[in-house]
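Below you'll find the structure, written out as structure tokens, and then a few comments.
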Amino acid sequence: MSENLVIVESPAKGKTIQKYLGSGFEVLASYGHVRDLIPKEGAVDPDNGYAMRYEIIDRNQKHVDAIARALKKANNLYLATDPDREGEAISWHLYELLNERGALKGKNVQRVVFHEITKHAVQEAVANPRDLAHDLVDAQQARRALDYLVGFNLSPLLWRKIKPSLSAGRVQSPALRLIVEREEEIERFVRQEYWTMTAQNEKDAQAFSARLHTLDGHKLDQFDINNEARATEVRQRLLQVANGKLLVSKVDKKQRKRYPAPPFTTSTLQQEAVRKLKFSTQRAMRVAQQLYEGIDLGNGPVGLITYMRTDSVTLANEALAELRGLIGQRYGQDKLPETPNFYKNKSKNAQEAHEAVRPTSAHRTPEQVKSHLNEEQFRLYELIWKRTVACQMIYATLDTVSADLNAETGSFFRASGSTIRDPGFLMVYEEGLDDRASEKESPLPPLEEGESITLHDIAAEQHFTEPPPRYSEASLVKALEEYGIGRPSTYASIISTLLAREYVELDNRRFTPTDIGRIVIRFLTEHFTQYVDYDFTANLENELDEISRGEKAWVPVMDAFWQPFHQLVDEKMESVNRSDVLQSRELGIDPTSGRPVSVRLGRFGPMVQIGTKDDEEKPVFAGLRPGMKLDTVTLEEALELFKLPRQLGETEDGKAISANVGRFGPYVKYGDQFASLKKEDDPHTITLERALELIAEKKVKDAEKVLVDFGNGVQILKGRWGPYINKVIKRVKVQARLPKDREPDSMTLEECEALIAVVAEAKSAKKGAKKAAAVKPETEAADKPVAAKVEKPKPVTAKAAPKKASVAKKPAGKKTTASKKSAS
């Protein structure tokens with residue numbers, strides 16, 4: 001029996017902490033959040049102080065039960081979830097659940113937090129527990145309620161006015177707006193031509209270049225030389241005047257200092273992991289979580305980094321002392337500043353997680369732990385270790401030289417170069433750059449004023465201005481932070497949501513908005529301008545921070561948001577027509593039929609339409625090809641789409657073969673059968689020979705898939721999740737799983753028909769029913785059939801409603817206030 005029960009979020013972390021606390025403690029994991037809002041309308045009640053109806057998350061029910069059983073044998077309960085709002089909320093939810101069960105009677109319940117999982121930090125935290133921080137809980141509940149109310153009210157509006165299964169989020173929508181507006185900026189961009197003139201020089205067998213800086217007494221603007229004729233004229237004149245020599249008229253020597261970047265916050269860690277390691281933001285946070293929770297270095301798991309969700313750039317005094325000792329020993333005392341480098345926190349809420357992301361021990365070098373880490377763990381740990389060490393080293397000192405090289409009076413080239421006098425922190429780490437060239441310059445040969453140097457040639461190079469770059473994950477995270485949209489711990493989920501909803505695509509590590517993403521943000525920007533406004537979103541985030549610091553009560557903040565928002569949703573539901581939202585774009589006239597050609601979003605995606613619904617002849621439609629966009633497709637490109645289906649020829653048995661694009665992508669049709677095209681195939685260019693190859697592959701695959709064929713459309717097929725029964729009823733596939741205790745060849749036709757009938761009846765009952773309130777992307781594969789039993793199939797029933805919510809109680813000793821009033 002353990003007198004002390006400690007609850008953490010993950011079992012990996014639990015193993016590490018168990019090692020440090022010893023036999024008198026039992027450590028169990030909650031496996032993240034233990035309960036969440038019920039996934040239906042009414043989970044948040046604005047008319048009752050925003051009371052929130054929760055239910056236990058199904059997958060974590062067994063973990064809550066295990067915690068309740070273990071608590072019976074313990075006297076002390078330590079809630080040791082993560083040291084942020086989410087962690088505080090998890091502890092509070094677990095407290096509420098256990099309290100409702102009466103499991104806390106006679107128990108001492110306290111909250112402990114540690115920002116690193118080391119023996120000292122864990123034992124120190126347990127020795128100095130505190131009460132639950134209800135200001136943090138209120139801030140998390142307010143954020144959860146806001147996101148719920150936005151999603152459950154705005155998403156149905158998008159379904160009605162645009163397309164089913166769409167969603168809108170309080171922070172995801174402004175993030176999408178950033179990406180869409182950048183794309184529109186790129187499309188509006190008009191490139192301009194300009195030319196640069198570069199002198200190719202030599203001195204003492206060292207080649208170097210210089211850019212034309214001043215011409216005829218006028219400092220050159222970027223566009224002063226903007227065509228080939230002007231560039232040729234300038235080049236020839238300067239070559240003729242210079243006659244193979246340039247005069248060094250001025251030499252300017254300076255020293256420049258470069259200071260190290262601060263230690264990592266969540267945001268800067270994500271940005272550097274994307275830039276330098278080519279990680280996604282989600283991958284970076286997942287690996288950082290592993291390093292934080294503990295890695296087995298041979299004597300049990302050890303936490304290698306401090307908590308990775310933080311806005312702070314502060315380092316603990318103990319860490320500073322250890323870093324300075326390591327730097328002096330490893331790189332020399334001359335690489336240490338006289339006093340530690342301190343960095344200013346930008347966030348007022350940095351006290352929530354008061355240290356930057358750093359190694360728990362600087363003496364635990366990357367090379368020492370490499371053999372215990374997988375490749376991605378090692379690369380991220382090395383990045384964190386180097387950044388942390390570098391931030392406490394001296395600045396780098398660079399010698400810079402610029403020289404003016406005259407071709408004639410009033411016209412000169414300027415050469416620049418730099419050398420590193422003292423690398424300082426650059427011995428260890430250099431910060432990555434976003435969308436701009438490296439600052440590194442080549443050194444110049446020794447130059448003296450008044451001397452002549454050899455001019456070999458003048459290169460005239462044509463350039464065009466470039467549009468602003470599309471956002472990468474790193475630059476998007478940087479922009480979100482600068483605008484104050486979301487918080488660092490939410491950036492990865494914002495990006496993953498935009499990708500999951502197919503509002504954006506990631507191509508060559510850059511974001512481009514999809515057509516549906518553009519339409520959604522255009523609708524929101526026009527009709528919900530305030531709620532996708534960057535300043536409004538940032539101010540609301542600041543108010544949530546103020547709640548977490550106890551400076552504001554959460555219910556008034558909710559009221560100020562909800563009342564006008566709710567009224568606006570109701571108004572737009574009635575006043576906005578779907579046809580106005582999905583405005584078609586006229587492209588021109590079809591030369592063959594004389595009918596108008598337009599492009600718009602259809603039921604199954606972007607499409608081109610010839611004709612209108614008012615014509616005597618029905619309109620004809622064609623889906624856009626991959627890469628085509630509603631806002632940029634031309635009339636010529638649109639008309640090409642109507643050349644499908646293309647007749648390719650026949651199979652050996654005389655079945656006609658054609659290529660086309662359908663709801664699920666491009667395909668070839670032979671008889672009444674279909675074969676999907678591969679990524680590299682194009683229905684507009686595919687040949688008969690290639691089509692026959694795809695058909696042959698499809699036939700082989702189909703033959704391998706059929707386990708039993710009853711000959712009347714009923715088959716037992718091999719699927720990803722095991723064998724299943726398949727039958728096409730009215731051109732719709734109906735599929736049912738086999739009973740677990742039956743083999744395919746033991747099934748009879750009658751049994752299969754009975755199982756199919758059960759599934760068909762269930763599908764029919766669900767058809768037309770109201771869609772589930774929680775909008776989730778469809779991920780279930782087509783060949784994953786519905787389960788059914790042979791013996792006695794159960795009818796499809798609605799999920800039982802959760803029990804009536806009870807008012808959440810505060811831990812003993814806490815005074816209940818109106819701002820803390822919320823239902824569990």
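Hydrogens, waters and symmetry mates play no part in the numbers below; they use all other heavy atoms, side chains included. Sequence positions, counted from 1, serve as the residue numbers for this chain. On a predicted model such as this, the values are computed, not experimentally measured, just so you know.
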For residues [X] and [Y], report the shortest heavy-atom separation together with the two atoms involved.
{"X": "Asn345", "Y": "Ser312", "answer": "OD1-CA, 3.2 Å"}
{"X": "Arg646", "Y": "Ile686", "answer": "NH1-O, 3.1 Å"}
{"X": "Thr388", "Y": "Leu323", "answer": "CG2-CD1, 3.8 Å"}
{"X": "Asp216", "Y": "Glu408", "answer": "OD1-OE2, 3.5 Å"}
{"X": "Leu447", "Y": "Val251", "answer": "O-CG2, 3.8 Å"}
{"X": "Gln200", "Y": "Ala459", "answer": "NE2-CB, 3.8 Å"}

So, are [X] and [Y] salt-bridged, with charged N and O less than 4.0 Å apart?
{"X": "Arg188", "Y": "Glu185", "value": "no"}
{"X": "Arg230", "Y": "Asp224", "value": "no"}
{"X": "Arg237", "Y": "Glu233", "value": "yes"}
{"X": "Lys163", "Y": "Glu502", "value": "no"}
{"X": "Glu637", "Y": "Lys629", "value": "no"}
{"X": "Glu183", "Y": "Arg470", "value": "yes"}
{"X": "Asp457", "Y": "Arg235", "value": "yes"}
{"X": "Asp311", "Y": "Arg487", "value": "no"}
{"X": "Arg379", "Y": "Glu376", "value": "no"}

Task: For Ser249, side-chain hydrogen bond (donor to acceptor under 3.5 Å, both in side chains) partners two or more places apart - done: Asn406
Task: For Arg585, side-chain hydrogen bond (donor to acceptor under 3.5 Å, both in side chains) partners two or more places apart - done: none
[X] side chain near [Y] side chain, heavy-atom distance below 4.5 Å:
{"X": "Val180", "Y": "Tyr503", "result": "no"}
{"X": "Glu202", "Y": "Ile453", "result": "no"}
{"X": "Thr537", "Y": "Leu540", "result": "no"}
{"X": "Glu640", "Y": "Glu636", "result": "no"}
{"X": "Leu212", "Y": "Val234", "result": "yes"}
{"X": "Leu630", "Y": "Ile519", "result": "yes"}
{"X": "Leu506", "Y": "Phe511", "result": "yes"}

Open item on the list: Let's go through Ile394 and Asp422 carefully: what are the C-alpha distance in whole Å and the side-chain angles of both, what is the deciding distance for side chain to side chain contact (heavy atoms under 4.5 Å, CB included) to 0.1 Å, and is it a yes or a no?
Closed with: CA-CA 9 Å; Ile394 63 169; Asp422 185 341; 3.7 Å; yes
Inter-residue atom distance [X].[atom1] - [Y].[atom2], 0.5 Å rounding:
{"X": "Leu405", "Y": "Ser411", "atom1": "CG", "atom2": "OG", "answer": "12.5 Å"}
{"X": "Arg211", "Y": "Phe413", "atom1": "CZ", "atom2": "CZ", "answer": "10.5 Å"}
{"X": "Lys203", "Y": "Leu444", "atom1": "NZ", "atom2": "CG", "answer": "10.5 Å"}
{"X": "Asp631", "Y": "Arg518", "atom1": "CG", "atom2": "CZ", "answer": "4.5 Å"}

N/O donor-acceptor pair under 3.5 Å between [X] side chain and [Y] backbone:
{"X": "Glu473", "Y": "Thr281", "answer": "yes"}
{"X": "Arg509", "Y": "Lys278", "answer": "yes"}
{"X": "Gln206", "Y": "Pro443", "answer": "yes"}
{"X": "Arg387", "Y": "Pro262", "answer": "yes"}
{"X": "Thr497", "Y": "Ser493", "answer": "yes"}
{"X": "Asn539", "Y": "Asp535", "answer": "yes"}
{"X": "Ser416", "Y": "Ser402", "answer": "no"}
{"X": "Ser472", "Y": "Arg510", "answer": "no"}

Task: For Phe536, the option from Tyr483, Phe528, Tyr531 that meets ring pair (Phe, Tyr, Trp, His ring centres under 6.0 Å) - done: Tyr531
- [ ] Going by the side-chain contact (heavy atoms from CB on, under 4.5 Å) test, name the single residue among Thr465, Asn227, Ile225 that passes it with Tyr194.
- [x]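 The side-chain contact (heavy atoms from CB on, under 4.5 Å) with Tyr194 is passed solely by Thr465 among Thr465, Asn227, Ile225.
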Task: Audit row: Phe208, Ser442, side chain to side chain contact (heavy atoms under 4.5 Å, CB included) steps and yes/no - done: CA-CA 8 Å; Phe208 66 101; Ser442 300; over 6 Å; no
- [ ] Examine the side chains of Gln270 and Thr266 and answer whether a donor and an acceptor come within less than 3.5 Å of each other.
- [x] no
- [ ] Measure up the Phe412 and His213 rings against each other and bin them: parallel (under 30°), tilted (30 to 60°), perpendicular (over 60°).
- [x] parallel
